[in-house]
Amino acid sequence: MYKYFPHTDDDLKVMMEKVGVKNFDELYAQIPESIRFRGDYQISSEEAETGVRRVFDLLGSQNKQLTCFAGYGVYDHYTPSVIPNLLQRSEFLTSYTPYQAEISQGTLHYIFEYQSMMAELTGMDISNASMYDGTTAAAEAMMMAVAAGKKVDKVLVSGGLNPRTREVIDTYALHHGIELVTIPMKDGVTDLSTLKSQLSTLEGVAGVMVQQPNVYGIVEDFTGFAEACHEQKALFIMDCVAADLAVLKTPAEWGADIAVGDGQSLGIPMQFGGPYVGYMCCTEKLIRKMPGRIVGMTKDNRNQRAFVLTLQAREQHIRRQKATSNICSNQSLMALWVTVYLSLMGKQGMKEAAQLSYAGAHYLCDELLKTGRFHLAYDKPFFNEFYVKYDGDVDALYQRFIDAGFLGGVKLEDGLLFAVTEKRNKVEIDELVKIAAL
């Protein structure tokens, strides 16, 4: 059926049984029927490349481009047009991993700059050379906390963690013998008193994971969290939206031991869900437990600046069953993307983009509340994302937004989670509010 795939029918059957599905239709059942293409591509067997491109361009043109007011972990930030061109420079763009330092100086250089910028953005001592994405970075942090402790197998996870991230760490925990315990929410934020009780009564707690801003967009006050963790010899892990750290208190300032998150907000387009890039930073004392690579700067025998792979866990290459993690290669291309973005934006540009996002979100929130149809689910401080309840049919409202060309937030229970970035302007916001007020 797929002549370029090496799998036999028996191979496919075994794989499907392993994941609990019977056929391909069942495997792709979660994809809405409205966006599935079930016809035959009208391409002749001898079509030229230009003809093939034309067919798929016409098919793609049927997709409706919506003005995005949704977030939930992926944000519609501006991408400077120069980035794709800089990424294609030969000294940066390579096909594989930089094992041979003498011929990989461009790659090692940008990874070093990436590490330096992420360490500064988070306030942490050390950054690795990037992860696959934010969700797997959180899972790696969970395993790192367990590996750093002695006779520990529990990680406490805030109820404010994005459910998509929680699903991934649940999967990793299941296959690594790690027990996850949820810290309940109180009035939209992580309950510190319950956390302290859990830390004092549960045995073998390796770490505590929270999210900033949390799943409802609320900027939480984590005063006392790090102290509570460290009193019980547990690590404090923070999962943060990278771009927000331009103006919010850093993980280091909160006393975090490990900082992780997704770097998509640093200029990477949403592009149908990937590829993105995860970041991981930590304190210096945890450097030997950190998965992945660390690039360092040194001098060669001619006293010239050179970049090398300073540290990488050899178990990831020769004793995989004993490795903390097996992340050896990843989308370093996306780490390069983030490096170029941060270099172009600079500190002031990052702050301005964050301030515009903040101002736009608060303006949208105020205008929605004025309609009398909305109210904040939680009266807590937020940055560029907020959760409102709607006095009406949420599904019908959501469809009205789509019909008018807007992706009007993300549906949560009986409300909507709206996000605003620096790309959204007052005209777009006013139009969205006008539709909401109908």
From the list D191, T190, T182, side chain to side chain donor-acceptor pair (under 3.5 Å) with S158 holds only for T190
Which is it for K370 and D366 under the salt bridge (Lys or Arg N to Asp or Glu O under 4.0 Å) test, yes or no, and what are the steps along the way? CA-CA 6 Å; K370 287 178 184 178; D366 290 342; over 6 Å; no
Any V152 side-chain heavy atom under 4.5 Å of V205 side chain: no
Determine, step by step, whether R36 and Y28 satisfy the side chain to side chain contact (heavy atoms under 4.5 Å, CB included) criterion, reporting the C-alpha distance in whole Å, the side-chain angles of both residues, the deciding distance to 0.1 Å, and the verdict. CA-CA 10 Å; R36 296 179 70 171; Y28 299 122; 3.9 Å; yes
Can you see which heavy atom on R38 is nearest to which on D25, and at what distance? NH1-OD1, 4.0 Å
With no hydrogens and no angle check, just 3.5 Å: does a side-chain donor-acceptor pair link D257 and H230? yes
Taking it one step at a time, do E231 and K196 satisfy salt bridge (Lys or Arg N to Asp or Glu O under 4.0 Å)? CA-CA 10 Å; E231 284 176 8; K196 289 180 176 179; over 6 Å; no
Just how far is it from atom CH2 of W337 to atom CD1 of I268, taken to the nearest 0.5 Å? 7.5 Å
I'd like to check V277 versus L266 (side-chain heavy atoms, cut-off strictly below 4.5 Å). Are they in contact? no
Is it the case that over 12 heavy atoms from other parts of the model lie below 6.0 angstrom from the CD atom of E33? yes
4.5 Å side-chain heavy-atom contact, R166 and V157: yes
Approximate separation, where rounding is to 0.5 Å, of M280 CE and M144 CE: 5.5 Å
Residues E26 and G20: closest non-hydrogen pair is OE2-O, 3.8 Å
Do M270 and H77 pass the side chain to side chain contact (heavy atoms under 4.5 Å, CB included) test, and can you show the C-alpha distance, the side-chain angles, and the key distance before you say yes or no? CA-CA 8 Å; M270 294 183 290; H77 284 285; over 6 Å; no
Could you please spell out the steps behind the side chain to side chain contact (heavy atoms under 4.5 Å, CB included) verdict for F406 and I435? CA-CA 10 Å; F406 292 94; I435 297 166; 3.7 Å; yes
Y279 side chain to V260 backbone, donor-acceptor under 3.5 Å: yes
Start with the C-alpha gap between Y75 and E385, add the side-chain angles, then the distance that decides, and say whether side chain to side chain donor-acceptor pair (under 3.5 Å) holds. CA-CA 10 Å; Y75 303 91; E385 198 166 16; 2.6 Å; yes
Considering all heavy atoms of both residues, which atom of C365 and which atom of L376 are nearest to each other, and what is their separation? SG-CD2, 3.9 Å
Can you find a pair of side-chain heavy atoms, one from T122 and one from T250, that are under 4.5 Å apart? no
Aromatic ring proximity, centroids under 6.0 angstrom, F418 and Y387: no
Tell me whether the rings of Y41 and F56 are parallel (<30°), tilted (30 to 60°) or perpendicular (>60°). tilted
Would you check if the side chain of D262 reaches a backbone N or O of G134 as a donor-acceptor pair within less than 3.5 Å? yes
Calculate, to the nearest 0.5 Å, the distance between atoms CD and CD belonging to Q348 and E352 respectively. 4.5 Å
Ignoring hydrogens and geometry, is there a side-chain-to-backbone donor-acceptor pair from T79 to G267 under 3.5 Å? yes
Taking only residues two or more places apart in sequence or in another chain, which ones pass side-chain contact (heavy atoms from CB on, under 4.5 Å) with V219? Q212, P213, L248, F383
Verify the distance criterion only: is there a donor paired with an acceptor across the side chains of Y110 and S332 at less than 3.5 Å? yes
To the nearest 0.5 Å, tell me how far N128 CG sits from C282 SG. 8.0 Å
Any chance you could measure Y276, atom OH, to T136, atom OG1, to the nearest 0.5 Å? 13.5 Å
Given 3.5 Å as the limit, does a donor-acceptor pair link the side chain of D414 with the main chain of K389, or not? no
Centroid-centroid under 6.0 Å between F382 and H362 rings: yes
Between Y363 and D430, is any side-chain donor less than 3.5 angstrom from a side-chain acceptor? yes
Any donor-acceptor pair under 3.5 Å from N162 side chain to Y72 backbone: yes
Mind checking ring pair (Phe, Tyr, Trp, His ring centres under 6.0 Å) for Y398 and listing every partner two or more places apart, or none if nothing turns up? none
Kindly say whether I402 contributes a backbone atom to a donor-acceptor pair with the side chain of K64 at under 3.5 angstrom? yes
Decide yes or no on side chain to side chain donor-acceptor pair (under 3.5 Å) for Q399 and D403, but give the supporting numbers first. CA-CA 6 Å; Q399 189 59 50; D403 292 341; 2.9 Å; yes
May I ask you to test the V181-Q198 pair for a side-chain heavy-atom distance under 4.5 Å? yes
N214 side chain to G188 backbone, donor-acceptor under 3.5 Å: yes
Would you confirm whether E431, through its side chain, and E428, through its main-chain N or O, come within 3.5 Å as a donor-acceptor pair? no
Could you go through the side chain to side chain contact (heavy atoms under 4.5 Å, CB included) check for M117 and S343 one step at a time? CA-CA 9 Å; M117 293 177 186; S343 301; 3.1 Å; yes
With the side chain counted from C-beta on, respond yes when I178 and I169 share a heavy-atom pair under 4.5 Å apart, and no when they do not. no
Flag if over 12 foreign heavy atoms under 6.0 Å of NZ, K186: no
Closest approach of A129 and Y114, non-hydrogen atoms and distance? C-CE2, 4.0 Å
After noting the C-alpha distance and the side-chain angles of R424 and D76, does the key distance pass the salt bridge (Lys or Arg N to Asp or Glu O under 4.0 Å) rule? CA-CA 9 Å; R424 302 284 72 86; D76 188 22; 2.9 Å; yes
Grab the two heavy atoms, one from C240 and one from P251, that are nearest each other, plus how far apart they are. SG-CG, 3.8 Å
State whether the side chain of Q271 and the backbone N or O of P275 hold a donor-acceptor pair below 3.5 Å, judged by distance alone. yes
Mind checking the OG1-NZ spacing from T371 to K434? Nearest 0.5 Å is all I need. 14.5 Å
Taking the side chain as everything from C-beta on, heavy atoms only, tell me whether L156 gets closer than 4.5 Å to L202. yes
Considering non-hydrogen atoms only, spot the tightest contact between L121 and L245 and give its length. O-CB, 3.7 Å
Checking F307 now: which residues fulfil ring pair (Phe, Tyr, Trp, His ring centres under 6.0 Å) with it, not counting sequence neighbours? H109, F112
Any sub-3.5 Å donor-acceptor pair from T171's side-chain atoms to E167's backbone N or O? yes
Ion pair present between K285 and D125, side-chain N to carboxylate O less than 4.0 angstrom? no
Strictly below 4.0 Å, N to O, side chains only: are E120 and K347 in salt-bridge contact? yes
Any non-hydrogen side-chain atom of R373 less than 4.5 Å from a side-chain atom of L368? no
